[in-house]
Q: 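Here it is, the structure in full.
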Amino acid sequence: MAEVAYRAASRVFPGPPPVRAVDRLDLDVADGEFLVLVGPSGSGKSTALRMLAGLEDVDEGGIEIGGREVSALEPKERDIAMVFQNYALYPHMSVADNMGFALKLQKVGKAELSRRVQEAAAMLDLTHYLDRRPKALSGGQRQRVAMGRAIVREPAVFLMDEPLSNLDAKLRVETRANIAALQQRLGTTTVYVTHDQVEAMTMGHRVAVLRDGLLEQCATPRELYDRPATAFVAGFIGSPAMNLRTVRLTADGADLAGVIVPLPRDVLAAAHDAGLSEAVLGVRPEGLRPAADGEHGVVLTVELSEELGSDTFVHGLVGSDEGGAQRFVLRTEGGAGPAVGREIRVNVRDPHAVHVFDPSSGRRLAA
Ligand code: ADP
Ligand code: MG
C-alpha cells in the first residue's frame, strides 16, 4: 500500500521541436485510491504513467511512491505492477505459468508462488483455466490473466494503460465493473489511463483530466460533471457533450442568440471584475427545456432526434448571422422528437444549470 505524488514532474522529449509531453504535473494519489488519468489522444497520459513506472525519464520535478522519491530508481525497484493495452501473454506457457512468471524471476518459493497464483485465479474466475495456453482463452479471459500477472506480485501500486481497449464494447463494460470491484477488494492504489470519459467517470474515485501535457482538473466524477474548472473539461466530460458557445454579456445575463439567459450574481461580478464583454456559456443537454407555449426562447432548427428509449436527444442549430449556426443538443423525455427541419424554442432550466468560462483562459468564472 502506498500513496503516489507527482511533484511538478515533466517529461520533455528532445526535438526539434521539443515536446513537453507532461508539463509540471502536480498530482497526489491517496493510499488505496483508484485514480484515472483521462484525456484525448496525445495528451500525455501514457507518458505520465510510464514516468511513474520508471519507463520514461522525469526531466524536471519528481515522483514519490509511499513517500520515497523514485525518479532515479529502476522500474523493478519501485514496487509497481503494470497492465498494458497489449498484454502480450507468453503463448507457450500455461495460464498459471504466465501469472507466476514474475514471481519465479524474483525467486519466490514454489509454495508461496502457487498460493498467490491460486488466490489471484480465484478472484479472477480463472481457476479452471490455469493449465490452458493463452490461445485457448477468450479475449476477456486473456485480459484477466494479464490482471492476474499484476495481482500476484502484490505491488504497492497498480498501473494500467488502456487495459480494456482490445475488448468488444459489451465485454468492456463488464470488465470495467470487475476491475473496479477487484481494486476495491484489494485496496491497492491504482493509476488507470483511458481516453474514454465514460470509463473514467464510472471507475475512478477521482479523475485527472489532461490536455496537451497539462492537468486541467482533478476531482471526483460528480465534481467534474457539476463544476468543470475549464471549458475544455466541460466539453470533454459528459455525453452528449455540453453545449458551449461564446456569447455577449449584458448587465444581468448572457445574450444567447437574442435571448437573455440570466446568470448568477457571483458570475456576473466575476465577469465584470475581469473586464469581460464576452464569455463562453455552457449548458448540458439536460439543462435545457422546451419553451412553454407563448414563451420566448432560443430558436433551434431541428437536425436530428435520437430516441434512446428513456430519453430523446434533439440536435438542432442555433441560428445567428454573426456567429454562424452552431449545434445544440437538448435532452427531453423519451418518445418521438420533433421532426427534422422544424423550429423549436428552448430555454435554460435555471441559472444554476449554466456554466460560464473566461473566453481567453478557458477558466470557470465563479460558482
Ligand atoms: P496519450 O497516452 O495521452 O495518447 P502520450 O503520452 O503517448 O499520449 O504522448 C504525449 C505526447 O508525447 C504526444 O505528443 C506524443 O507524440 C509525444 N511522445 C510520446 N512518446 C514520445 C517519444 N518517445 N518521443 C517523442 N515524442 C513522444
Ligand atoms: Mg496512451
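Source: prediction; values computed, not measured. FYI, the numbering just counts along the sequence from 1. When reading the values below, keep in mind they use all heavy atoms of this one structure, side chains included, and skip hydrogens, waters and symmetry mates. Order of appearance sets the numbers: ligands from 1, and atoms from 1 within every ligand.
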Q: Can you list the ligand 1 atoms lying under 4.0 Å from a non-hydrogen atom of Ser41?
A: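 Selected atoms, number and element: 4 (O).
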
Q: When you measure from the side chain of Asp59 to the backbone N and O of Val12, does any donor-acceptor pair fall under 3.5 Å?
A: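 Yes, because the side chain of Asp59 sits within donor-acceptor range (under 3.5 Å) of the backbone of Val12.
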
Q: To which protein heavy atom is atom 4 (O) of ligand 1 closest, and what is the distance rounded to 0.1 Å?
A: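 Scanning the protein heavy atoms, the shortest distance from atom 4 (O) of ligand 1 goes to Gly42 N, 2.7 Å.
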
Q: Please confirm whether the backbone N or O of Met93 pairs with a side-chain atom of Asn98, one donor and one acceptor, at under 3.5 Å?
A: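 Side chain of Asn98 to backbone of Met93, a donor-acceptor pair under 3.5 Å: yes, one is there.
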
Q: Specify the protein heavy atom at minimum distance from atom 7 (O) of ligand 1: its residue, its atom name, and the distance to 0.1 Å.
A: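 It is Ser46 CB, 3.9 Å.
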
Q: Would you mind checking which non-hydrogen protein atom is closest to atom 24 (N) of ligand 1, with the distance to 0.1 Å?
A: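 Looking only at protein heavy atoms, the one closest to atom 24 (N) of ligand 1 is Phe13 CD2, 3.5 Å.
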
Q: Could you list which atoms of ligand 1 come closer than 4.0 Å to a heavy atom of Pro40?
A: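 Contacts of ligand 1 toward Pro40, numbered from 1: 3 (O).
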
Q: Identify, for atom 12 (O) of ligand 1, the protein heavy atom at the shortest distance, and state residue, atom and that distance.
A: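 Answer, as residue, atom name and distance: Ala21 CB, 3.3 Å.
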
Q: Taking Cys218's backbone N and O only, do any of them form a donor-acceptor pair with Arg206's side chain (distance below 3.5 Å, no angle check)?
A: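 Not confirmed, Arg206 side chain does not pair with Cys218 backbone.
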
Q: Does some non-hydrogen atom of Gly39 fall short of 4.0 Å from ligand 1?
A: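 In this structure, Gly39 fails to qualify as a contact of ligand 1 - no heavy atom is under 4.0 Å.
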
Q: As an exercise, state the distance from CD of Gln106 to CD of Glu112, rounded to the nearest 0.5 Å.
A: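 Between Gln106 CD and Glu112 CD, I get 10.5 Å after rounding to 0.5 Å.
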
Q: Is it the case that the side chain of Glu216 and the backbone of Ala208 share a donor-acceptor pair, with hydrogens and angles ignored and the cut-off at 3.5 Å?
A: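 Absent.
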
Q: Return yes when at least one protein heavy atom is under 4.0 Å from atom 26 (N) of ligand 1, and no when none is.
A: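 Protein heavy atoms within 4.0 Å of atom 26 (N) of ligand 1 - there is at least one.
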
Q: Counting only heavy atoms, tell me which of Thr47, Val19, Val193 gets closest to atom 9 (O) of ligand 1.
A: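 The residue whose heavy atom sits nearest atom 9 (O) of ligand 1 is Thr47.
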
Q: Does ligand 1 come near enough to Gly44 that some N or O of the ligand is less than 3.5 Å from an N or O of the residue?
A: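 Gly44 vs ligand 1: N/O contact under 3.5 Å present.
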
Q: Using 0.5 Å steps for rounding, measure from the CG atom of Leu300 to the CZ atom of Phe328.
A: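 These two atoms lie 8.0 Å from each other.
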
Q: Please state whether the separation between the Mg ion (ligand 2) and some N/O/S atom of Ser41 is under 2.8 Å?
A: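 False for Ser41.
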
Q: Side chain of Glu69, backbone of Ile63: donor and acceptor closer than 3.5 Å?
A: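 Judged by distance alone, yes, a pair lies under 3.5 Å.
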
Q: Could you check whether atom 15 (C) of ligand 1 has a protein contact, counting only heavy atoms that fall below 4.0 angstrom?
A: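 Given the 4.0 Å cut-off, atom 15 (C) of ligand 1 does not count as touching protein heavy atoms.
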
Q: For Glu3, does its backbone N or O pair with a side-chain atom of Asp31 as donor and acceptor, under 3.5 Å?
A: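 Answer holds: no.
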
Q: Does Tyr225 have Arg284 sitting over its ring (NZ/CZ under 6.0 Å from centre, angle to axis within 45°)?
A: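 Output yes; distance and angle both within limits.
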
Q: Among protein heavy atoms, which sits nearest to atom 3 (O) of ligand 1, and what does the distance come to when rounded to 0.1 Å?
A: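 That would be Lys45 NZ, 2.8 Å.
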
